[in-house]
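As structure tokens, the structure follows; a few thoughts come after it.
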Amino acid sequence: MAADLFGSLRKNKQKIRCLAKALDGYIILDNKLKADSLIDICNKVIEIYPEGYELLANQILSYVIAFGSDKEISNLLRELDYTNLSDEAKIDIANGYYKIGENKVALDYLNTIDTRSGVAESLKYLLVKSDILESVGDYFGALDAYKDYSHELEISHEKIFSQDLLFAEDKHTLEMLTLNEIREKDKIVWISICCFVALVAIIIWIYYHYRLSQAKRIMAEKEKRELKVERDNLNQENKKLDFEKRSTEIELGQQALITESLRLRIYDLESESANLKMLLFNQKELSIPVENTIRERIEMLNALLAKEISENDTYAKPYGKWIDRIVQDKAKFMDSTRLAFKASHPKFMEYLEEHGLTEFEINYLCLYAIGLRGKEVGEYIQLKRHYNISSDIRKKLGINEHETNIGIYIRKLMKKL
């Protein structure tokens with residue numbers, strides 16, 4: 001919310017800092033899905049404000065070390081510029097070497113940190129130091145570091161507890177002062193209301209007796225006419241209120257349907273994004289064209305999730321024309337996957353075409369080829385004749401229905417060809 005407010009004021013530097021703190025929060029909460037979407041938002045802000053990358057460098061480093069694979073961490077550490085690094089970044093780098101198993105390098109890099117700056121008392125430094133010392137067999141040093149960590153943690157808790165007590169006392173005092181002010185204001189208001197009511201009552205009483213003595217008949221006729229006008233106005237207002245009530249009920253019903261539709265749509269996007277990311281993580285043998293096709297799909301989904309998180313349509317604007325066509329019609333993704341396999345495994349695709357498989361059936365098999373299982377393929381294409389398609393394909397390829405799993409067969413065939 002703070003980032004959006006700063007963005008509306010065109011204060012990009014403050015906006016980047018808020019996004020960096022939000023990304024820190026998602027890393028601490030170990031929420032990779034939200035962190036991925038927030039990274040996408042940060043990249044779009046950096047396109048507008050390139051100087052902001054320096055403010056996000058430490059968070060991006062922490063993000064890769066927290067959620068990246070060993071290969072991604074290793075590539076980052078190899079490409080990193082090691083000049084003019086902060087102590088916080090150095091701790092992350094040491095932790096990165098520890099995560100990929102280079103424990104000796106991690107210890108050597110940890111020892112380059114200048115502990116005179118006060119970093120030696122930080123909880124993050126002590127915890128990383130304890131893990132690294134234990135990994136190289138220095139158990140006594142690891143125990144001492146963990147004791148220091150526990151001591152600093154206890155001091156931190158005591159400070160927080162003390163601040164909470166002081167804050168509670170200040171809050172109580174402030175609430176009492178506010179309550180007294182409200183009581184005084186209420187007292188003045190009620191006295192004023194009573195005086196006003198009494199004054200109005202006196203004026204009305206004088207006016208009523210004066211008019212009664214002067215024109216009792218005229219008043220009766222006038223009251224009769226006014227009563228008729230009020231009755232007509234009341235009838236019109238009642239009709240108007242009934243119409244507005246019905247309109248409001250219709251609008252609320254429509255809004256409820258729209259809200260439920262959006263909720264289901266967002267859930268489908270998150271599920272598909274998570275499944276594709278898990279597929280990339282588990283499948284190490286996918287070709288580059290196939291992997292790029294899947295990554296392109298994930299990038300589009302991340303943009304839509306970023307729109308949902310930030311409640312700002314501009315982050316998903318490049319994909320606005322794709323939403324209904326790609327989210328609801330998944331055939332395009334299947335076509336893209338087939339074309340990627342045609343580029344990376346031409347003999348495999350020729351084999352399928354020679355056996356008389358249709359374009360849709362080849363698309364169907366490509367879902368198995370990227371690693372999806374039968375149940376997941378059925379859920380993805382959302383067709384009731386899912387098993388009939390599988391049976392037709394088995395007949396064309398000469399596979400016995402109970403002989404082997406079609407997914408295993410296709411992946412072995414692809415490797416063979």
Side-chain angles (χ1 to χ4, degrees), residues 17 19-36 38-39 42 53-164 277-278 280-282 284:
R17 287 176 176 171
L19 292 174
K21 291 183 179 181
L23 183 57
D24 268 336
Y26 282 134
I27 293 172
I28 292 171
L29 294 174
D30 196 27
N31 191 331
K32 187 175 185 301
L33 183 64
K34 297 294 186 182
D36 288 345
L38 195 57
I39 281 287
C42 293
Y53 180 79
E54 296 182 0
L55 302 175
L56 278 168
N58 287 343
Q59 283 71 26
I60 294 175
L61 178 62
S62 298
Y63 165 82
V64 174
I65 292 174
F67 301 120
S69 63
D70 289 352
K71 182 179 179 181
E72 291 173 334
I73 296 174
S74 180
N75 291 338
L76 176 64
L77 294 175
R78 186 169 52 253
E79 299 171 359
L80 195 63
D81 182 6
Y82 286 85
T83 59
N84 300 323
L85 291 174
S86 66
D87 291 334
E88 187 74 17
K90 290 180 180 179
I91 296 174
D92 283 328
I93 293 172
N95 191 32
Y97 280 116
Y98 164 72
K99 279 198 168 186
I100 63 176
E102 297 185 17
N103 301 323
K104 184 64 171 59
V105 178
L107 180 60
D108 292 340
Y109 197 80
L110 191 68
N111 290 332
T112 64
I113 298 175
D114 185 7
T115 56
R116 294 175 298 177
S117 63
V119 71
E121 289 78 23
S122 69
L123 296 175
K124 185 174 183 179
Y125 172 81
L126 293 172
L127 193 58
V128 171
K129 181 179 179 181
S130 176
D131 290 338
I132 293 175
L133 290 176
E134 182 181 5
S135 68
V136 298
D138 187 358
Y139 300 109
F140 290 106
L143 179 59
D144 290 338
Y146 191 77
K147 286 180 179 179
D148 292 339
Y149 168 78
S150 299
H151 177 68
E152 292 297 330
L153 185 61
E154 184 178 352
I155 292 174
S156 177
H157 286 168
E158 288 178 356
K159 289 180 179 178
I160 293 172
F161 179 71
S162 176
Q163 290 172 357
D164 286 344
K277 289 177 184 177
M278 183 61 68
L280 278 182
F281 181 79
N282 291 331
K284 305 299 183 182

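Here, residue 1 is the first one in the sequence, and each next residue gets the next number. The figures that follow rest on heavy atoms only: side chains count, while hydrogens, waters and symmetry mates do not.
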Any idea which heavy atoms bring [X] and [Y] closest together, and the distance?
X	Y	answer
F67	Y26	CZ-O, 4.3 Å
A106	A94	CB-O, 3.3 Å
E152	L126	CG-CD1, 3.7 Å
I132	L110	CD1-CD2, 4.2 Å
A142	E134	CB-N, 3.6 Å
C42	L19	SG-CB, 3.9 Å

Output the distance between atom [atom1] ([X]) and atom [atom2] ([Y]), rounded to the nearest 0.5 Å.
X	Y	atom1	atom2	answer
L76	I60	CG	CD1	9.5 Å
K32	D30	NZ	CG	10.5 Å
D138	S130	CG	OG	10.0 Å
Y63	D24	OH	CG	13.5 Å
L153	L127	CG	CG	9.5 Å
S62	I91	OG	CD1	10.0 Å

Heavy atoms, side chains only, cut-off 4.5 Å: are [X] and [Y] in contact?
X	Y	result
I100	Y97	yes
Y98	N103	yes
N111	L107	yes
Y139	L143	no

Legend entry - Under 3.5 Å: donor-acceptor pair, side chain of E154, backbone of H151: no

